[in-house]
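None of the values given here were measured: they were computed from a predicted structure. Sequential numbering from 1 along the given sequence is applied to the chain's residues.
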Amino acid sequence: MQRMTRRGIEWLSAAADNPSECRQVWADDPRRPTLLPTGRFFDVVSVEQRLGLEMFDRLQRSGMPFGPAVADRQAQRVGFFLGSESRETFMFHLGRETSSPLPHRYLGSGCVVVVPGPIPMSDDRYHWLRAPTRRPEANPLRPVALATALVASAELLARIDRFDEQYPTPYAAVPALPEESDG
């Protein structure tokens, strides 16, 4: 779990209808989650938690560019922040990677997202997987990386699920060992 920096707070609160009020709320209670509109400063791609955590790990391991990421424990969702108006690029690259629709929600103009406060506690419902530390630099590869990670992670989890169905116990996956020969 990460915490926002002062520059991250300034950037994120700028998306609020009243940025100074948002910063004051967080100054009074840094744990308090806040509802922010998407589409002006950022968009968010939301996926179910299992898929989102795999995507997050994949993005980190590969060093691909990605922005802040937030988790909602109760709803079991993970949201990845993209630059505003990234939908077309994200959907284009998602379509290049797969012809199957993948379960995700794209939150752009006219939507809202709940974000954790700057200093959430470990047992809070909302927490940062990767907190904003500053205004994310515009990077045209961010929606490409996110689309690629979404497809790769969904494929990996589907393979794991098929394996679990085929081999319901660990011992079912281990073939019978050949007998030792006294050769």
Side-chain angles (χ1 to χ4, degrees), residues 1-5 7-17 19 22 33-73 75-118 120 126-161:
M1 176 178 9
Q2 289 192 328
R3 297 176 177 186
M4 279 192 269
T5 63
R7 289 182 7 193
I9 292 168
E10 289 170 7
W11 170 75
L12 196 58
S13 64
D17 292 331
C22 180
T34 303
L35 191 66
L36 294 176
T38 56
R40 190 170 18 161
F41 288 95
F42 54 82
D43 291 351
V44 174
V45 174
S46 173
V47 296
E48 92 51 58
Q49 183 172 300
R50 181 175 176 230
L51 177 57
L53 294 176
E54 178 59 35
M55 288 171 63
F56 181 79
D57 287 345
R58 179 174 298 277
L59 288 163
Q60 275 196 312
R61 282 191 315 266
S62 68
M64 289 193 279
F66 71 106
V70 64
D72 176 344
R73 288 193 176 125
Q76 295 187 341
R77 308 261 329 154
V78 173
F80 295 90
F81 286 61
L82 289 173
S84 61
E85 300 181 17
S86 294
R87 179 190 302 263
E88 191 173 315
T89 304
F90 174 77
M91 295 305 291
F92 174 78
H93 288 283
L94 190 61
R96 286 184 67 186
E97 292 290 326
T98 184
S99 58
S100 303
L102 294 173
H104 73 280
R105 297 178 192 149
Y106 193 97
L107 308 174
S109 185
C111 297
V112 293
V113 64
V114 177
V115 298
Y126 303 99
H127 65 277
W128 291 107
L129 295 175
R130 185 175 192 187
T133 56
R134 58 182 159 65
R135 177 189 171 122
E137 295 177 20
N139 187 332
L141 295 179
R142 194 171 288 135
V144 178
L146 195 58
T148 302
L150 173 57
V151 173
S153 298
E155 289 174 355
L156 174 66
L157 293 175
R159 290 181 74 183
I160 290 170
D161 290 344

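Residues L94 and H104 meet the side-chain proximity criterion, which asks for heavy atoms closer than 4.5 Å. Counting heavy atoms from C-beta outward, L51 and L157 have side chains that approach closer than 4.5 Å. Residues L36 and F41 form no side-chain contact, since every pair of their non-hydrogen atoms from C-beta on lies 4.5 Å or further apart. Within the 4.5 Å cutoff, the side chain of V47 has no heavy atoms near those of the P103 side chain. Looking at heavy atoms from C-beta onward, F42 lies out of side-chain contact with S86 at the 4.5 angstrom threshold. Side-chain atoms of L150 and T98, non-hydrogen and from C-beta on, never get closer than 4.5 Å to each other. I160 has its side chain within reach of R50: a pair of non-hydrogen atoms, C-beta onward, lies under 4.5 Å apart. Using a 4.5 Å cut-off on side-chain heavy atoms (C-beta onward), V78 and F56 make no contact.
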Stepwise side chain to side chain donor-acceptor pair (under 3.5 Å) check, R40 with S84: CA-CA 6 Å; R40 190 170 18 161; S84 61; over 6 Å; no

side-chain contact (heavy atoms from CB on, under 4.5 Å) between T133 and M4, intermediate numbers included: CA-CA 5 Å; T133 56; M4 279 192 269; over 6 Å; no

Step by step, would you call Q76 with E48 a side-chain contact (heavy atoms from CB on, under 4.5 Å)? CA-CA 6 Å; Q76 295 187 341; E48 92 51 58; 5.8 Å; no

What's the verdict on side-chain contact (heavy atoms from CB on, under 4.5 Å) for F90 and V45, showing C-alpha distance, side-chain angles and the deciding distance? CA-CA 9 Å; F90 174 77; V45 174; 4.0 Å; yes

Apply side-chain contact (heavy atoms from CB on, under 4.5 Å) to F80 and M55, showing your working. CA-CA 10 Å; F80 295 90; M55 288 171 63; 3.8 Å; yes

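Counting heavy atoms of neighbouring residues, nucleotides and ligands inside a 6.0 Å radius, atom CZ of R135 does not exceed 12 of them. In the displayed structure, Q60 atom CD is contacted under 6.0 Å by more than 12 heavy atoms of other residues, nucleotides or ligands. Crowding of R159 atom CZ: a count of heavy atoms from other residues, nucleotides or ligands under 6.0 Å not exceeding 12.
Among all heavy-atom pairs drawn from A154 and L102, the shortest one is CB-CD2, 3.9 Å. Between P65 and N139, the closest heavy-atom pair is CB-ND2, 3.4 Å. Nearest approach of G117 to W128, heavy atoms of both residues: O-NE1, 3.3 Å. Residues F66 and R130 come closest through the heavy atom pair O-NH1, 2.6 Å. Between V70 and V114, the shortest heavy-atom distance links the atoms CG2-O, 4.3 Å.
For R142 and D43, the salt-bridge test fails: no basic side-chain N is under 4.0 Å from an acidic carboxylate O. Salt bridge annotation for E155-R58: absent, with no cationic side-chain nitrogen under 4.0 angstrom from a carboxylate oxygen.
Checked by atom type and distance alone, the side chain of S62 pairs as donor or acceptor with a backbone atom of L59 at under 3.5 Å. Judged purely by atom type and a 3.5 angstrom limit, Y126 has no side-chain atom pairing as donor or acceptor with the backbone of V115. Remark: the backbone N or O of G39 is not paired with any side-chain donor or acceptor of S109 at under 3.5 angstrom. Of the possible polar contacts, one joining the S13 side chain to the I9 backbone as a donor-acceptor pair under 3.5 Å is found.
If you take OG1 on T89 and CG on L141, they are separated by 10.5 Å, rounding to the nearest 0.5 Å. Residue L12 holds its CG atom at 10.5 Å from OG1 of T5, rounded to the nearest 0.5 Å.
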